[in-house]
S.K.: 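Handing you this structure, nothing more for now.
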Amino acid sequence: ILALDHLRKRSKESFQYMPEIDVINFPKEGKKQEIDVACLLDGRIVLGECKTEELKPSHTNKYEAIAMALDKRPDELVFATTHEEVSETFRLKVSGIFGGTILTSTELMR
């Protein structure tokens, strides 16, 4: 909810979202992946992961795979945590992802 509210506040014209969703038969038949944030922010596609624990580089893997599998790639991949800081390793991993954004409790609680 905090991440969605933060994104909603950034919108200038429109904000639409879906509650947590499962992508079925991904990455292969019979499997599924959960997406915490799926929204349209001023016409831009935003997907994301939300954690109350420390964000780890492995948390980006499914979002990178989903983004590559879509016909239209998301404009932004958000990784949100209620922690105040993220590791330098995680920050470095996200910096290499197109549209990668990190939200910590500092941004979420504004």
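On a predicted model such as this, the values are computed, not experimentally measured, just so you know.
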S.K.: How far apart are the closest heavy atoms of G30 and N25, and which atoms are they?
M.R.: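 Shortest heavy-atom contact: N-OD1, 2.8 Å.
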S.K.: Would you indicate whether E13, at its atom CD, is surrounded by more than 12 heavy atoms from other residues, nucleotides or ligands within a distance under 6.0 Å?
M.R.: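 Not buried by this count: 12 neighbours or fewer within 6.0 Å.
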S.K.: Are L55 and L92 co-members of a hydrophobic cluster defined by side-chain heavy atoms under 4.5 Å apart?
M.R.: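 Not linked; separate clusters.
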S.K.: Would K56 and N61 satisfy side chain to side chain donor-acceptor pair (under 3.5 Å), going step by step from the backbone distance to the final call?
M.R.: CA-CA 10 Å; K56 299 175 184 158; N61 295 343; over 6 Å; no
S.K.: Working to the nearest 0.5 Å, report the span between OG1 of T104 and CE of M109.
M.R.: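 The CE atom of M109 is 10.0 Å from OG1 of T104, to the nearest 0.5 Å.
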S.K.: Pair I35, Y63 - check side-chain contact (heavy atoms from CB on, under 4.5 Å), show working.
M.R.: CA-CA 8 Å; I35 297 177; Y63 290 92; 4.0 Å; yes
S.K.: Hey, is K51 close enough to E49 for a salt bridge, meaning N to O under 4.0 Å?
M.R.: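 Salt bridge present between K51 and E49.
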S.K.: Output the distance between atom CD (E84) and atom CG (L108), rounded to the nearest 0.5 Å.
M.R.: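 The distance works out to 11.5 Å.
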S.K.: Check F90 against P57 and note the closest heavy-atom contact, atom names and distance.
M.R.: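 Of all heavy-atom pairs spanning F90 and P57, the closest is CD1-N, 3.6 Å.
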S.K.: Evaluate the side-chain contact (heavy atoms from CB on, under 4.5 Å) criterion for residues M68 and R73: first the C-alpha distance (whole Å), next the side-chain angles of each, then the deciding distance (0.1 Å), finally the verdict.
M.R.: CA-CA 7 Å; M68 295 300 289; R73 288 196 184 159; 3.1 Å; yes
S.K.: Are there over 12 heavy-atom neighbours, none belonging to K72, within less than 6.0 Å of that residue's NZ?
M.R.: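 Count over threshold, so yes.
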S.K.: Give, for atom CD1 of I24 and atom CD of E29, the distance between the pair rounded to the nearest 0.5 Å.
M.R.: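 Atom-to-atom, I24:CD1 and E29:CD are 10.5 Å apart.
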S.K.: Looking at I21 and A38, what are the two nearest heavy atoms and their distance?
M.R.: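 Looking at all heavy atoms of both residues, the shortest contact is CD1-CB, 4.0 Å.
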S.K.: Calculate, to the nearest 0.5 Å, the distance between atoms CD and OG1 belonging to E107 and T81 respectively.
M.R.: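 Nearest 0.5 Å value for the CD-OG1 distance: 10.5 Å.
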S.K.: From the options T101, L47, T60, V94, select the one residue that forms a side-chain contact (heavy atoms from CB on, under 4.5 Å) with L77.
M.R.: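 The residue from T101, L47, T60, V94 that satisfies side-chain contact (heavy atoms from CB on, under 4.5 Å) with L77 turns out to be L47.
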S.K.: Test F15 against L4 for side-chain contact (heavy atoms from CB on, under 4.5 Å), laying out the working first.
M.R.: CA-CA 9 Å; F15 179 78; L4 286 170; 4.0 Å; yes
S.K.: Tell me every residue that passes side-chain hydrogen bond (donor to acceptor under 3.5 Å, both in side chains) with R10, counting only those two or more places apart in sequence or in another chain.
M.R.: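 E76.
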S.K.: Given side chains that start at C-beta, do those of P27 and K31 come closer than 4.5 Å, heavy atoms only?
M.R.: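 P27 reaches K31 side chain to side chain.
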S.K.: Under a single-linkage definition using a 4.5 Å side-chain heavy-atom cutoff for Ile, Leu, Val, Met, Phe, Trp and Tyr, are L2 and V46 assigned to the same hydrophobic cluster?
M.R.: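 Yes: a chain of side-chain contacts under 4.5 Å links L2 to V46.
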S.K.: Mind listing the closest non-hydrogen atom pair of F98 and D75 along with its distance?
M.R.: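 Scanning both residues completely, I find the closest heavy atoms to be CE2-O, 4.2 Å.
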S.K.: With the side chain counted from C-beta on, respond yes when Q16 and C39 share a heavy-atom pair under 4.5 Å apart, and no when they do not.
M.R.: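 The answer is no, as the side chains (C-beta and beyond) never meet within the 4.5 Å cut-off.
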S.K.: In terms of hydrophobic clustering (I, L, V, M, F, W, Y; side-chain heavy atoms under 4.5 Å; direct or indirect links), are I45 and L103 co-clustered?
M.R.: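 No, it is not one cluster - the side chains of I45 and L103 are not joined through contacts under 4.5 Å.
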S.K.: State plainly whether the residues D22 and K32 are in salt-bridge range, i.e. N to O under 4.0 Å.
M.R.: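 Judged by the 4.0 Å cut-off on N to carboxylate O distance, D22 and K32 do form a salt bridge.
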S.K.: Heavy atoms, side chains only, cut-off 4.5 Å: are V78 and V37 in contact?
M.R.: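 Counting from C-beta outward, V78 and V37 never come under 4.5 Å.
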S.K.: Can you tell if the side chain of E85 reaches within under 4.5 Å of the side chain of E54, non-hydrogen atoms only?
M.R.: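 With C-beta onward as the side chain, the pair stays apart.
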S.K.: Go through K93 and E64 one step at a time and tell me if the salt bridge (Lys or Arg N to Asp or Glu O under 4.0 Å) criterion holds.
M.R.: CA-CA 11 Å; K93 174 86 186 257; E64 291 177 283; 3.6 Å; yes
S.K.: Looking at D42 and S11, would you say the former's side chain and the latter's main chain have a donor-acceptor pair under 3.5 Å?
M.R.: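 Not confirmed, D42 side chain does not pair with S11 backbone.
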S.K.: What's the shortest heavy-atom distance between S14 and G43, and which atoms?
M.R.: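 Looking at all heavy atoms of both residues, the closest pair is OG-N, 4.1 Å.
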S.K.: Output the distance between atom NE2 (H6) and atom CG (L41), rounded to the nearest 0.5 Å.
M.R.: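 Rounded to the nearest 0.5 Å, the NE2-CG separation comes out at 9.5 Å.
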S.K.: Atom CD in E88, atom OG in S95: separation rounded to 0.5 Å?
M.R.: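 E88 atom CD to S95 atom OG measures 8.5 Å (nearest 0.5 Å).
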S.K.: What closest approach, in Å, do R110 and K9 show between heavy atoms, and which atom pair accounts for it?
M.R.: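 Nearest heavy atoms, R110 then K9: O-NZ, 3.0 Å.
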